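Keep in mind that this is a model prediction, so the values were computed, not measured.
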Amino acid sequence: MNSVVNRRGLLAATAATGLTLATVSFARAEDRSGPGPDGPHRTRTVRGTLPAGSPDYVYLPVEVPRGVAEFAVSYTYGKPPVPPGAQGNALDIGLFDERGTALGGRGFRGWSGGARTSFFVRADAATPGYLPGPVRPGTWHIALAPYTVAPEGLPYEVAVTLRFGEPAPTPAPVYPPERAKGRGRAWYRGDCHVHSIHSDGRRTPAEVAAAARAAGLDFINSSEHNTTSAHAAWEGLWDDDLLILTGEEITTRNGHVLAVGTDPGVFVDWRYRARENRFGRYAHQVRRAGGLVVPAHPHATCIGCNWKFGLADADAVEVWNGPWTPDDEIALAEWDNALVAAVRNPGDGGDGPGRWLPAMGNSDAHREPDRVGHPQTVVLAESLSRRAILAGIRAGRSYLAESAALTLSFGATDGRGGHAGIGERLRAAADAPVTVRLEVSGAAADCTVRLVTDQGVLLTTPLPAAGTGVVEWRTTPAHAAYVRAEVRHAPAVPGLPGAFAALTNPVFLDAAAGTAG
């Protein structure tokens, strides 16, 4: 028999991250039902309404007795029509075990956001997005996250089912290796922002890996929203031709950030806002786990997507997310402004640019017809390994391309044998002639090259109809502190820039007394 428990309103305050409802108890012996098709089990249902203005996280405690083999949850919530301009209801969900809900995620057992209406965890298996493992006795917490709440409130119903019995053994997770065969020092193509059924994607990991190979990629980064469950889901999918990095899309209410290439199994919490001044702590955790901190789609218009934490703790920034849209154009302009600031504020040595953030491009692919690898980040790395790929991204030795069909080479030389490639510095006298050279192949017939410096766009020229060509431009370090290249399609709207085909990180031209070094 099912038992219905009515709980209306928030009953107890916890930490700054949320509020706690009254506890649902299964501790009594009579809470076990007789055998059924699913074995002995018991279900309790909680109903309530979250008012407008509810905290970001509301926790439903569940007392779990001994002898539980599986913890299962299903939920529904009301979606009443709302007037134009008002927010409707959206309720995310996740789970923490008996180790608690404290920030840092020690008790984290899974998150599905709003992607599914039911889930389970047991020792040997779990719903994608959730972590298998023993269902130990103690107080577990279902995390309800009212993403948006309609003016009249958000009515919800949560059904909790405990199934009793002996647990199966928990299998040891198998994680992707940190190195693939690769081609030695080479340009490697990757997509560090992809989703599968382990968050709100519709592709299985096998389908993601197949799409990556079809797109000509050498590496991908597992980046599910607020969960690490996919880290152990790639067994049999890597090979000499595909490196699979593990990470997370840390999805806060004040923006999303990619943890790229973290140690497998490392979970990074997301339950904070910019005003709480906690982000630096979790950015440090990403780096301590060997990964990079990359704000994702910083000017996206979805609720909670706009990046509000600043860039001081970032290692790179995603300026191109999926098909080129106006918010990418804004991200590009902001990134370029940051480059200008870097060259106006030299580093500690007094010459060269100050700290600057490389640009990345990723697909954020979730489902068909989203294209994995559109766009992609093409990285110069010493090997196809986690360490080498992340080092190349961190150094900005990379360019962004809409597909593997497009290849480019970009650099600057002076008259004394000095050369610098993407992400590098060419030191020359302030008035020394410098030749910037861009070679493009595989672009569409309608593409135009733009060379951009700290002074703005200084050269615009069409590519030949074949989409392959060479552009050379002469300048001096006094005239251009950096140069970067854009390859754009013809404008879809007259007077506006066309969508990107490719974008390079800058080559820096450092004015120095004397000759080039």
| message | How close do Asn226 and Phe108 get, counting heavy atoms only, and between which atoms? | response | O-CZ, 3.2 Å

| message | Closer than 3.5 angstrom, by distance alone: can the side chain of Asp313 be matched with the main-chain N or O of Ala283 as a donor-acceptor pair? | response | no

| request: Give a yes or no answer on whether the side chain of Asn89 reaches the backbone of Tyr77 with a donor-acceptor pair at less than 3.5 Å. | output: no

| note | Value for OH (Tyr130) from OG (Ser112), rounded to nearest 0.5 Å, stands at 2.5 Å

| said: Assess whether a salt bridge exists between Arg271 and Asp56, defined as any Lys/Arg side-chain N lying under 4.0 Å from an Asp/Glu carboxylate O. | reply: no

| field | Trp307-Phe279 aromatic ring centre distance below 6.0 Å | value | yes

| Side-chain donor-acceptor pair under 3.5 Å between Thr252 and Arg278, yes or no? | no

| said: Closer than 4.0 angstrom, basic N to acidic O: yes or no for Arg183 and Glu382? | reply: no

| field | Separation between CG of Asn505 and CD of Glu424, rounded to the nearest 0.5 Å | value | 11.5 Å

| message | Is the shortest side-chain heavy-atom distance between Pro151 and Val82 below 4.5 Å? | response | yes

| Looking only at atom types and distance, does a side-chain atom of Arg488 sit under 3.5 Å from a main-chain N or O of Gly498, one as donor and one as acceptor? | yes

| Would you say Pro323 and His374 make side-chain contact, with heavy atoms under 4.5 Å? | yes

| Are any non-hydrogen side-chain atoms of Trp238 and Leu243 less than 4.5 angstrom apart? | no

| Side chains of Glu318 and His193: donor-acceptor distance under 3.5 Å anywhere? | yes

| query | Taking 4.0 angstrom as the limit, do Arg437 and Glu439 come out as a salt bridge? | reply | yes

| field | Nearest-0.5 Å distance that lies between atom CG in Leu50 and atom CG in Leu91 | value | 6.5 Å

| task | Hey, can you tell me if Trp187 and Tyr399 have their rings parallel, tilted or perpendicular (30° and 60° cut-offs)? | result | tilted

| Thinking salt bridges, do Arg116 and Asp200 make one under a 4.0 Å N-O criterion? | no

| Between Asp263 and Arg386, does at least one N-O distance fall below 4.0 Å, as a salt bridge requires? | yes

| said: Using ring centroids (six-membered ring only for Trp), state whether Trp270 and Tyr272 fall under 6.0 Å. | reply: no

| message | Counting the benzene-type ring for Trp, do Phe508 and Trp356 have ring centres under 6.0 Å apart? | response | yes

| Hey, are Asp92 and Tyr57 close enough side-chain-wise for a donor-acceptor pair under 3.5 Å? | no

| query | Are Trp335 and Leu339 side-chain neighbours, meaning at least one heavy-atom pair lies under 4.5 Å? | reply | yes

| query | Would you say the ring centroid of Trp320 lies under 6.0 angstrom from that of Trp324? | reply | yes

| task | Give, for atom OG1 of Thr148 and atom CG of Leu154, the distance between the pair rounded to the nearest 0.5 Å. | result | 7.5 Å

| field | Whether Thr262 side chain and Ala259 backbone form a donor-acceptor pair below 3.5 Å | value | no

| request: With the side chain counted from C-beta on, respond yes when Glu248 and Glu224 share a heavy-atom pair under 4.5 Å apart, and no when they do not. | output: no

| What's the shortest heavy-atom distance between His231 and Pro176, and which atoms? | O-CD, 3.4 Å

| task | Measure centre to centre between the rings of His225 and His256, then say whether the value is under 6.0 Å. | result | yes

| Shortest non-hydrogen contact between Met360 and Ala316, atoms and distance | CG-CB, 4.1 Å

| query | So with a 6.0 Å cut-off around CG of Asn277, is the heavy-atom count from everything else above 12? | reply | no

| query | Between the main-chain N or O of Ala485 and the side-chain N or O of Thr504, is there a donor-acceptor pair closer than 3.5 Å? | reply | yes

| remark: Between His299 and the options Ile330, Leu332, Val319, the side chain to side chain contact (heavy atoms under 4.5 Å, CB included) test singles out Ile330

| request: Check the pair Val449, Leu463 against side chain to side chain contact (heavy atoms under 4.5 Å, CB included), reporting the backbone distance first and the verdict last. | output: CA-CA 7 Å; Val449 170; Leu463 276 176; 3.9 Å; yes

| message | Would the distance check show the side chain of Asp328 and the main-chain N or O of Thr325 forming a donor-acceptor pair, the cut-off being under 3.5 Å? | response | yes

| message | Using modelled atom types and a 3.5 Å cut-off, is there a donor and acceptor pairing between side-chain atoms of Thr227 and backbone atoms of His198? | response | no

| message | So Arg474 and Val436, do their side chains get closer than 4.5 Å, heavy atoms only? | response | no

| said: Can you tell whether the side chains of Arg425 and Asp510 come within less than 4.0 Å, N to carboxylate O? | reply: yes

| query | Okay, side chain of Asp454, backbone of Ala481: is any donor-acceptor separation there less than 3.5 Å? | reply | yes

| Any side-chain donor-acceptor pair under 3.5 Å between His195 and Ser199? | yes

| Stepwise side chain to side chain contact (heavy atoms under 4.5 Å, CB included) test for Thr461 and Thr448 | CA-CA 6 Å; Thr461 184; Thr448 295; 5.8 Å; no

| Can you list the steps and then say if Phe500 with Leu400 is a side chain to side chain contact (heavy atoms under 4.5 Å, CB included)? | CA-CA 9 Å; Phe500 263 120; Leu400 321 181; over 6 Å; no

| Which atoms form the tightest heavy-atom contact between Pro128 and Ser229, and what is the distance? | C-OG, 4.1 Å

| said: Quick one: does any side-chain atom of Glu334 pair with a main-chain N or O of Ala331 as donor and acceptor, under 3.5 Å? | reply: no

| Out of Val194, Leu245, Ile244, which residue meets the side chain to side chain contact (heavy atoms under 4.5 Å, CB included) rule with Asn221? | Leu245

| request: Determine, step by step, whether Ser383 and Arg185 satisfy the side chain to side chain contact (heavy atoms under 4.5 Å, CB included) criterion, reporting the C-alpha distance in whole Å, the side-chain angles of both residues, the deciding distance to 0.1 Å, and the verdict. | output: CA-CA 5 Å; Ser383 63; Arg185 179 179 170 84; over 6 Å; no

| query | Does a side chain donor of either Asp191 or Ser363 reach within less than 3.5 Å of an acceptor in the other side chain? | reply | yes

| When you look at Arg484 and Asp336, which way does the salt bridge (Lys or Arg N to Asp or Glu O under 4.0 Å) test go after all the steps? | CA-CA 10 Å; Arg484 60 178 183 81; Asp336 191 70; 2.9 Å; yes

| Roughly how far apart are Arg179 CZ and Asp240 CG, rounded to 0.5 Å? | 12.0 Å

| message | If I compare all heavy atoms of Pro497 with all of Glu329, which pair ends up nearest, and what's the gap? | response | CB-OE1, 3.9 Å

| field | Salt-bridge contact Lys181-Asp241 (side-chain N to carboxylate O under 4.0 Å) | value | no

| field | Pairwise distance CD(Glu402) to CG(Leu406) - rounded to 0.5 angstrom | value | 6.5 Å

| Which heavy atom in Ala412 sits nearest to a heavy atom in Leu509, and how many Å separate them? | CB-CD2, 3.9 Å

| Does CZ in Arg367 sit with more than 12 non-hydrogen atoms of other residues, nucleotides or ligands closer than 6.0 Å? | yes

| said: Do Asn362 and Asn321 have side chains that approach each other closer than 4.5 Å (heavy atoms only, starting at C-beta)? | reply: no

| Mind checking whether Ile389 and Tyr188 have side chains closer than 4.5 Å, heavy atoms only? | yes

